[in-house]
There are 2 protein chains.
Amino acid sequence: MIMKNRKVISRLSKYKNALNRFKALGFAKIFSEYLADFVGCTSSQVRKDFSMFGITGNKRGGYNIDQLLEKLNIILGKNVVQKVVIVGAGNLGRALLNYKGFENDGIRIVACFDIDPAKQNANMRIPVLPLEELPSFVRINGIETAVLAVPDLVAQEVFDKLVKAGIKGVLNFAPIRLRTDASCFVSNINLEMELESLIYFVNASEHAPLAPGDN
Amino acid sequence: MIMKNRKVISRLSKYKNALNRFKALGFAKIFSEYLADFVGCTSSQVRKDFSMFGITGNKRGGYNIDQLLEKLNIILGKNVVQKVVIVGAGNLGRALLNYKGFENDGIRIVACFDIDPAKQNANMRIPVLPLEELPSFVRINGIETAVLAVPDLVAQEVFDKLVKAGIKGVLNFAPIRLRTDASCFVSNINLEMELESLIYFVNASEHAPLAPGDN
DNA sequence: TAGATTGTTAATCGATTAACAATC
DNA sequence: TAGATTGTTAATCGATTAACAATC
């Protein structure tokens, strides 16, 4: 498995979603041009991305959707259900617990952890457990990925615990830069920042109407 | 106000946050080097970004934190409280309603809208109103920015209503590409995709340990 | 003043796109 | 076969970084 950059991987993810749509519509084959159109890039980009992962099509007939999906799913680890834990049972954490979107995407939220006993409840569909139980839970269940949804002030501290427990990837919602070594990847989602920059473009457009690039 | 790209704006946002921290620590001046260190870029990048917005410092004494903050706040529209509505009172929408992070960031969530009468409640701290009331509410209160947290299937349809109501910027959580004209900006946050690419890097690192670039 | 930092230009780097030969 | 699409190389584009003169 070759390591590529973030943008390429998120495009693969978009291609996969697009292909599922096309498949649902009854298509069996697809051209790079259509795929590009759907996800908003060029056909060169699509073909280049595929070629980086050794995915090939047919010179004249485009790509077979089923085969393509299978390859993308393998690359993205979708052939196995990926177990993820959520750390922090605040508003955001609980919303993610109940979020249905992950289920049909091969991602299973298996547990949530919080220090607050009032938020703990081992009998829910997805149990909310004491944070102290995380290390053993993670070890026993072979969890590698966590979503960090705790208050800023404790984010680094909790993150360090996750890393010590063996977590290898963290999706971080705290608006701080987590200090991490090479053993754990961090992806950040900063809601304030997203809204802030959106507001900038809205305000700026009133003076000079131009578009920001899409992410 | 000059229109710059998304990455520059999100760095400005990071600089602002960093400056607030430094200020809280009692600093009055700062060098590009320190700021770069804090947000994770180069000092050249910091100075370049500032120069793009005509922000200057002192050749020998760095930047005055208060003056710098004021300029960044003006650029980012922080001198005025920005009113935002949330559309969709599902798990995510309600979590955002109660999210405290926006308050001290000059962003005020003023209302939420949903079609489901069971979710509506005009008497809450932040009212949850019928979607039909959105156009008049937006007009009366001069709202330009919305967070879209509705199911995928209706996202485009609801988005079109927002645009028609005069919304100029949308932070979209639905994992689809919204079709938009130049009158409305769209920023996308796709949780599935974020988790998916994180999982890719976690899995890939087990075969070839290398780091993805940070976002 | 001497030394350190800015502001800006030029060089580098990487990602995207265009182009086109190969070929189904 | 003729025509259309891939796979890949080369060109382009834009963003980041290095370098350094200006100067406080």
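Lettering of chains follows the sequences in order, A, B, ..., and the numbering in each one begins at 1.
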For A:T42, check side-chain hydrogen bond (donor to acceptor under 3.5 Å, both in side chains) against everything at least two apart and list the hits. none
Contacts under 3.5 angstrom, residues 137-152 of chain A side chains, donor-acceptor by atom type, not counting sequence neighbours:
unit_1, atom_1, unit_2, atom_2, d
A:N141, ND2, A:F137, O, 2.8

Could you verify whether a donor N or O on one side chain and an acceptor N or O on the other, from A:E194 and A:N190, lie under 3.5 Å apart? no
Taking protein heavy atoms under 4.0 Å as touching, what does nucleotides 3-8 of chain C look like 5' to 3' if B marks base contact, S marks sugar-phosphate-only contact and - marks none? BBBBBB
Quick one: is B:N5 getting a side-chain N or O under 4.0 Å of the D:dG14 phosphate, OP1 or OP2? no
Suppose the criterion is side-chain hydrogen bond (donor to acceptor under 3.5 Å, both in side chains): which pairs have a residue in residues 78-90 of chain A, not counting sequence neighbours? A:K78-B:E196
Show me, range against range, the stems involving DNA chain C, built from at least 3 consecutive Watson-Crick or G-U pairs below 3.5 Å. C:3-24 with D:3-24
Which whole-number value in Å describes the distance from A:K7 NZ to C:dG14 C1'? 10 Å
When the distance from CE of A:M52 to P of C:dG14 is rounded to whole Å, what number comes out? 12 Å
Non-neighbouring partners of A:Y63 that pass side-chain hydrogen bond (donor to acceptor under 3.5 Å, both in side chains), sequence neighbours left out: none
Side chain to side chain contact (heavy atoms under 4.5 Å, CB included) involving B:A174 - partner list, sequence neighbours excluded: B:A155, B:N172, B:I176
With sequence neighbours left out, what residues match B:K23 under salt bridge (Lys or Arg N to Asp or Glu O under 4.0 Å)? B:D66
Name all residues meeting the side chain to side chain contact (heavy atoms under 4.5 Å, CB included) criterion together with A:S51; count only those two or more places apart in sequence or in a different chain, and write none if there are none. none
